[in-house]
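Keep in mind the model is a prediction, meaning the values are calculated, not measured. Lettering follows sequence order; numbering is per chain, from 1.
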Protein chains: 2
Amino acid sequence: MIPSDEFLESKGIRPTAMRLLVFQHLTKSKVATTLSDIENAFAKADRTTLFRTLKTFEQKRVVHQIDDGSGIMKYALCEEGCNCELERDLHLHFHCTNCGKTICLTEQKIPHINLPEGFVAEDANLVLKGICDKCSGQ
Amino acid sequence: MIPSDEFLESKGIRPTAMRLLVFQHLTKSKVATTLSDIENAFAKADRTTLFRTLKTFEQKRVVHQIDDGSGIMKYALCEEGCNCELERDLHLHFHCTNCGKTICLTEQKIPHINLPEGFVAEDANLVLKGICDKCSGQ
DNA sequence: TCAATAAATGCACTTCCATTGCATTGCCCT
DNA sequence: AGGGCAATGCAATGGAAGTGCATTTATTGA
Ligand SMILES: [Mn+2]
Ligand SMILES: [Mn+2]
Ligand SMILES: [Zn+2]
Ligand SMILES: [Zn+2]
């Protein structure tokens with residue numbers, strides 16, 4: 001397991017204290033994380049800094065932003081070995097309408113869709129909504 | 001072609017003047033429509049009324065709401081003959097990053113996805129982003 | 001080492017859209 | 001006509017993203 005600071009540096013990100021904390025928080029989380037989640041996790045942190053930290057992470061392809069339709073953006077670490085640098089990792093996301101949690105289903109890729117003449121797709125977002133495994137009692 | 005007021009009544013909606021205008025505006029539009037679009041179309045209308053009109057239409061399955069990830073909700077008429085009353089019509093949507101327009105691709109249904117044990121999907125949203133036919137010059 | 005420079009952070013403020021409260025108006029039915 | 005409910009209009013609120021700018025912290029290079 002490569003240390004966090006080395007990892008961030010390998011991505012071209014200066015490993016400040018704040019960034020390391022955010023990164024490690026994301027590492028621990030099994031579900032996609034909101035800005036408020038992180039804000040609440042370390043009471044000391046300023047929202048703007050966290051916001052910009054996530055933005056930096058996103059630009060450097062450390063995290064991806066997830067719009068699950070809840071109105072609140074979520075973030076999750078990119079998969080190790082995903083080739084985000086070259087093309088987006090188009091896996092799908094599941095949003096539980098019961099507990100509100102959103103998780104990456106990294107194994108489930110968004111299927112290829114044949115579009116009508118003239119349409120060129122560059123990105124895709126597929127969100128399934130329903131009841132997650134925890135909430136369905138399995 | 002069934003008259004608008006009869007159609008709305010058949011859906012359990014009182015056909016007020018405002019509602020008829022909104023409905024006809026939606027009928028004419030080839031692309032998904034925002035609240036502001038409608039607001040600008042009839043300078044006289046109040047935003048709140050339009051908002052609640054769309055909400056009513058949505059509840060009565062006259063329109064469906066589209067979250068294309070732009071941060072602004074869009075609305076489009078439900079297909080004639082779609083069985084929205086029973087289950088959602090899970091077609092996909094295309095959002096053009098050039099002109100900002102979003103269109104329903106009602107022919108293209110969201111493919112069925114096999115989920116891991118314990119996950120129960122009740123709804124799905126698939127948005128493709130890219131360049132639309134108009135903007136790609138086809 | 002120290003000054004110059006650049007990057008990151010913190011606070012306040014703004015923007016944008018969705019949403020609500022409440023008073024008023026309009027419609028329908030008896 | 002009048003009672004009652006539905007629809008409307010105006011004002012205000014809320015939540016989240018995003019920006020401006022001053023301050024602090026880190027890096028560089030003389
Ligand atoms: Mn994901
Ligand atoms: Mn549609
Ligand atoms: Zn759940
Ligand atoms: Zn376009």
Check every atom of D/dC10, C/dC11, D/dG18 against the side chain of A/F51 and return the nucleotide holding the closest atom. D/dG18
Candidate nucleotides C/dG10, D/dT8, D/dA17, ranked by approach to the side chain of A/R47 - the nearest: D/dA17
Step by step, would you call A/C104 with A/E79 a side chain to side chain contact (heavy atoms under 4.5 Å, CB included)? CA-CA 10 Å; A/C104 297; A/E79 286 295 290; 6.0 Å; no
Interface with DNA chain C, restricted to residues 13-22 of chain A and to heavy atoms under 4.0 Å: A/R14, A/T16, A/M18, A/R19
Identify, residue by residue, the members of residues 96-104 of chain B with a heavy atom below 4.0 Å from DNA chain C, and return them in order of residue number, or none. none
Taking [atom1] from [X] and [atom2] from [N], how many angstroms apart are they, rounded to a whole number?
{"X": "B/M73", "N": "D/dA16", "atom1": "CE", "atom2": "P", "value": "14 Å"}
{"X": "A/K60", "N": "C/dA8", "atom1": "NZ", "atom2": "C1'", "value": "14 Å"}
{"X": "B/N40", "N": "C/dC17", "atom1": "CG", "atom2": "P", "value": "11 Å"}
{"X": "A/L50", "N": "D/dG18", "atom1": "CG", "atom2": "C1'", "value": "14 Å"}
{"X": "A/Q59", "N": "C/dA8", "atom1": "CD", "atom2": "P", "value": "11 Å"}
{"X": "A/D37", "N": "D/dA16", "atom1": "CG", "atom2": "P", "value": "11 Å"}
{"X": "B/D46", "N": "C/dA23", "atom1": "CG", "atom2": "P", "value": "17 Å"}
{"X": "B/E9", "N": "D/dA6", "atom1": "CD", "atom2": "P", "value": "16 Å"}

For A/E39, is there any backbone N or O sitting under 3.5 Å from a side-chain donor or acceptor partner on A/S36? no
Could you label the plane-to-plane angle of the A/F23 and A/F7 rings as parallel, tilted or perpendicular, counting under 30° as parallel and over 60° as perpendicular? parallel
Compare all side-chain heavy atoms of A/L21 with those of A/M18 and state whether any distance is below 4.5 angstrom. yes
Test item: B/S70 and B/H95 side chains (from C-beta on) under 4.5 Å apart, heavy atoms: yes
Quick one: is [N] close enough that its OP1 or OP2 comes under 4.0 Å of any side-chain N or O from [X]?
{"X": "B/T49", "N": "D/dG9", "answer": "yes"}
{"X": "A/R52", "N": "C/dA7", "answer": "no"}
{"X": "B/K55", "N": "C/dT20", "answer": "yes"}

Pair B/D89 + B/K109, salt bridge at N-O below 4.0 Å: yes
Please indicate whether A/K129 has more than 12 foreign heavy atoms, meaning atoms of other residues, nucleotides or ligands, lying under 6.0 Å from its NZ. yes
By the 4.0 Å heavy-atom rule, please label B/K44 as base, sugar-phosphate, or nothing. nothing
Side-chain-base donor-acceptor pair under 3.5 Å for B/T48 and D/dC10: yes
What's the spacing between [X] [atom1] and [Y] [atom2] if we round to 0.5 Å?
{"X": "B/L54", "Y": "B/E58", "atom1": "CG", "atom2": "CD", "answer": "8.5 Å"}
{"X": "A/L105", "Y": "A/H93", "atom1": "CG", "atom2": "NE2", "answer": "8.0 Å"}
{"X": "A/T102", "Y": "A/K74", "atom1": "OG1", "atom2": "NZ", "answer": "3.5 Å"}

